[in-house]
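Reviewing the structure listed below.
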Amino acid sequence: MTSTKPLIFILAVSLLAENGFSYSPPPPVNPDQGHPPPGTMDPASQQILHWAAQHPANQAGLVRDDQGCPVPSLTASLGIGSRGNLLLQDVFLINEIAAFNRERIPERVVHAKGHGAFGYFRLTHDISTLTKADFLNGVGKTTRVAFRVSTVRGARGSSDIEREGRGFAVKFYTADGIFDLVGNGAGTFPIRDPMLFNDLNRSRKRNPVTNVKDQTTRWDFGSLRPEGIMHTLKTFSDHGANTRVISGFGVHAFKFVNKQGVPVFVKFHFPSQQPFRWFNSTEIELIAGLDPDYSQRDLYNAIARHDYPRWLVKIQVMTVEQALKYPVNPFDATKVWRPEEFPLIDVGEFILNENPVDQFNDMEQLAFSPERMVPGIEPSPDRMLIGRMFSYPDAQRYRLGINFAQIAVNRPIMPVKNYIRDGFMAENPNGGGGPNYFPNSFHGPGQNQSAAQSVFHVNGIVDRFDTVDDLDDNYRLARLYLYKDLTPEHRRRVARNLGGSLAGARRDIAERAIRNMFLRITPEFGKQVRDDMLEKIASNDISNDE
């Protein structure tokens, strides 16, 4: 049968041309000029060839099983003659089948489709007056990092260039332990209370009956919880399709504490230093069909070509006094701190220069847990942060086991000493012969009072507060984003992208979303979104009345 791949590619190029885009294969040394067709010999495609060249056949050796025993054959099972039954005593066959059945661990419930690399963070500016965190003290200090970027709702086999939210996570292997900064590419969250976390994600994943993505459920939830307006606008902006150029944000407010015990609140920003390239909806659909691993391939190839991706690290700072006087909740994760009020301060940069050696070991088992903070960095009253501080490590315990922190990629660079023992996949020495309780009289490790968190006082009424009282501020920030941060052309594309998505939802739900979300930003913007939705419905002959 003749392959249809060339025909599909020709049709894709033709469709791009109809939308004002031309395709010309880029020089293989510059990934920023375009994307070579899948199957060409880019660095990702050549990986196995390079490995074979570096590992000659005369050094390959002979196969041994996981117990170190030699394996007699990798092509023939143990059986009675050439047509008789197989024998259960073929332990090599049983081991092969059993191992294959268990090759996959539970997939991440969200952020399953992701990729990343390793590199280093370098401190370029002194912020010792703000925090005692070791890796943020001493200009020029470098810290190894692991990085992962991911889509939110897609399964592992989905496209990594779909228009949706993006996870942006950095693991810092510091001298004081692991610091995990688990943010995203939008700068905000769609919700402000973790009680809604499960429902948010269920509304955006597959319909439990049809098993297909459902725009109606997405916009039903979004229109009933319009606090997510900032996150929605960013997702449907030019930043909504992921490439290695994505900028990142820590999203949450964190507390920095210096050596004198003085606290301030900060937000992290990671501006990308790669040339920006946005994709329209037609391009996204075509690339997703041709190469669903587009972004992963792009990142791998960039590092393989020594075109190392680089991000700046900046922070915004809010004093305790400013937080107390701020007119709205400064710890609301659905909002941003405007740079006009809280300017970005340079901290450092991180550079990715090392591709994973093995995707399973280095990326699939890579575990980010927002509760992993080092002395000098503490949580703020951000409700989403506090909820995630339980949710994420609990997800890792389910996915990887109780001892997930002992897996090499999650292990700190400093020796681990504690009284936790045993459990699934506990590694040696598992405490050795030392005492497994505290206090003890037998020279077990002691406490470190210098790691104590700062003292703070709280008072208030304990109740379940559905915090929708300052929703109007979300629309103020949305107006600033659309009309101050974006060009008219970019703003026009946001409206068109929103209209295209709403066209796939039931009409009354779509109209409610426009009414509750976009008309409240400005009547002009809301009308443009509705017009684009109606145009999309008419062009596709879509009926979404029922």
Side-chain angles (χ1 to χ4, degrees), residues 121-143 145 168-184 187-189 248-271 311-326 329-333 335-339 341-350 368-389 392 412 414 448-458:
F121 162 76
R122 177 167 53 222
L123 187 70
T124 58
H125 292 73
D126 179 25
I127 57 170
S128 58
T129 58
L130 300 176
T131 178
K132 63 183 179 181
D134 177 79
F135 78 107
L136 297 176
N137 279 247
V139 171
K141 181 176 291 184
T142 61
T143 302
V145 300
F168 188 101
V170 187
K171 183 184 292 289
F172 296 82
Y173 300 90
T174 86
D176 280 334
I178 297 292
F179 172 50
D180 280 343
L181 195 59
V182 195
N184 67 27
T188 63
F189 263 70
F249 304 86
V251 180
H252 303 295
F254 292 85
K255 185 194 294 183
F256 270 11
V257 181
N258 64 16
K259 292 179 181 178
Q260 290 72 44
V262 179
V264 294
F265 297 107
V266 303
K267 284 197 173 188
F268 286 92
H269 294 249
F270 304 96
W311 287 261
L312 298 182
V313 179
K314 298 174 180 282
I315 57 172
Q316 291 175 287
V317 178
M318 179 187 290
T319 66
V320 174
E321 292 74 19
Q322 288 174 314
L324 290 172
K325 296 177 181 178
Y326 206 63
N329 180 8
F331 310 116
D332 182 344
K335 299 179 179 178
V336 297
W337 297 353
R338 290 292 304 181
E341 296 181 86
F342 304 98
L344 271 65
I345 298 171
D346 292 327
V347 174
E349 63 180 356
F350 78 86
F368 293 97
S369 301
E371 33 78 62
R372 291 290 88 201
M373 302 181 199
V374 294
I377 305 177
E378 301 176 6
S380 74
D382 183 332
R383 293 186 172 195
M384 281 302 302
L385 173 59
I386 294 170
R388 295 175 79 211
M389 287 173 66
Y392 280 57
M414 304 302 290
N448 187 346
Q449 296 295 333
S450 67
Q453 291 194 349
S454 60
V455 175
F456 61 97
H457 301 277
V458 297

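Residues take their numbers from the sequence shown, with the count starting at 1.
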Inset, instruction - Please tell me if the side chains of Phe270 and Leu181 come closer than 4.5 Å, counting only heavy atoms from C-beta onward. - result: yes

Legend entry - Side chain Asp180, main chain Val182, donor-acceptor under 3.5 Å: no

Inset, instruction - Classify the side-chain pair Ser128/Asp126 by whether it contains a donor and acceptor separated by less than 3.5 Å. - result: yes

Inset, instruction - Answer whether the closest heavy-atom distance between the side chains of Asp134 and Thr174 falls below 4.5 Å. - result: no

Inset, instruction - Using the six-membered ring wherever Trp is involved, compare the ring planes of Phe135 and Phe172 and label them parallel, tilted or perpendicular (cut-offs 30° and 60°). - result: tilted

Inset, instruction - State, with a plain yes or no, whether a side-chain heavy atom of Val317 is found less than 4.5 Å away from one of Phe265. - result: no

Inset, instruction - Kindly compute the distance separating NZ (Lys171) from CZ (Phe368), expressed to the nearest 0.5 Å. - result: 5.5 Å

Legend entry - Heavy-atom closest pair, residues Lys132 and Ser450: NZ-O, 3.5 Å

Inset, instruction - Rounded to the nearest 0.5 Å, what's the gap from CG on Asn137 to OG1 on Thr131? Could you check? - result: 6.5 Å

Inset, instruction - Measure the CZ-CD1 distance between Phe268 and Ile315 for me, rounded to the nearest 0.5 Å. - result: 6.5 Å

Legend entry - Euclidean distance, His252 NE2 relative to Met384 CE, rounded to 0.5 Å: 6.0 Å

Taking distance alone, no hydrogens or angles, what donor-acceptor pairs closer than 3.5 Å link side-chain atoms of residues 342-350 to residues at least two apart or in another chain?
{"from": "Asp346", "atom 1": "OD1", "to": "Lys314", "atom 2": "NZ", "distance (Å)": "2.2"}
{"from": "Glu349", "atom 1": "OE1", "to": "Arg310", "atom 2": "NE", "distance (Å)": "2.4"}
{"from": "Glu349", "atom 1": "OE1", "to": "Arg310", "atom 2": "NH2", "distance (Å)": "2.8"}
{"from": "Glu349", "atom 1": "OE2", "to": "Arg122", "atom 2": "NE", "distance (Å)": "3.2"}
{"from": "Glu349", "atom 1": "OE2", "to": "Arg122", "atom 2": "NH2", "distance (Å)": "2.2"}

Legend entry - Closest approach of Met389 to Pro379 (non-hydrogen atoms, all atoms of both residues): SD-CB, 3.8 Å

Legend entry - Within-4.5 Å side-chain heavy-atom neighbours: Lys267 and Phe249: no

Legend entry - Contact check, side chains of Val257 and Gln453, non-hydrogen atoms, under 4.5 Å: no

Inset, instruction - Could you please spell out the steps behind the side chain to side chain contact (heavy atoms under 4.5 Å, CB included) verdict for Phe121 and Phe179? - result: CA-CA 12 Å; Phe121 162 76; Phe179 172 50; over 6 Å; no

Legend entry - Closest contact, heavy atoms only, Ile178 versus Pro412: CD1-CA, 3.8 Å

Inset, instruction - State the OG1-NZ distance between Thr143 and Lys141, to the nearest 0.5 angstrom. - result: 7.0 Å

Inset, instruction - Provide the closest heavy-atom pair for Leu385 versus Pro370 in the form atom of the first, atom of the second, distance. - result: CD1-CB, 4.3 Å

Legend entry - Phe256 versus Leu130, closest heavy-atom pair with distance: CB-O, 3.3 Å

Inset, instruction - Check Ala253 against Asp382 and note the closest heavy-atom contact, atom names and distance. - result: N-OD2, 3.9 Å

Legend entry - Interatomic spacing from CE in Met318 to CZ in Phe331 - rounded to 0.5 Å: 7.0 Å

Inset, instruction - Using a 4.5 Å cut-off on heavy atoms from C-beta on, say whether the side chain of Arg388 contacts that of Phe189. - result: yes

Legend entry - Sidechain-backbone polar pair: Ser454 side chain, Gly261 backbone, donor-acceptor under 3.5 Å: no

Legend entry - Main-chain N/O of Arg372 paired with Ser369 side-chain donor or acceptor, under 3.5 Å: no

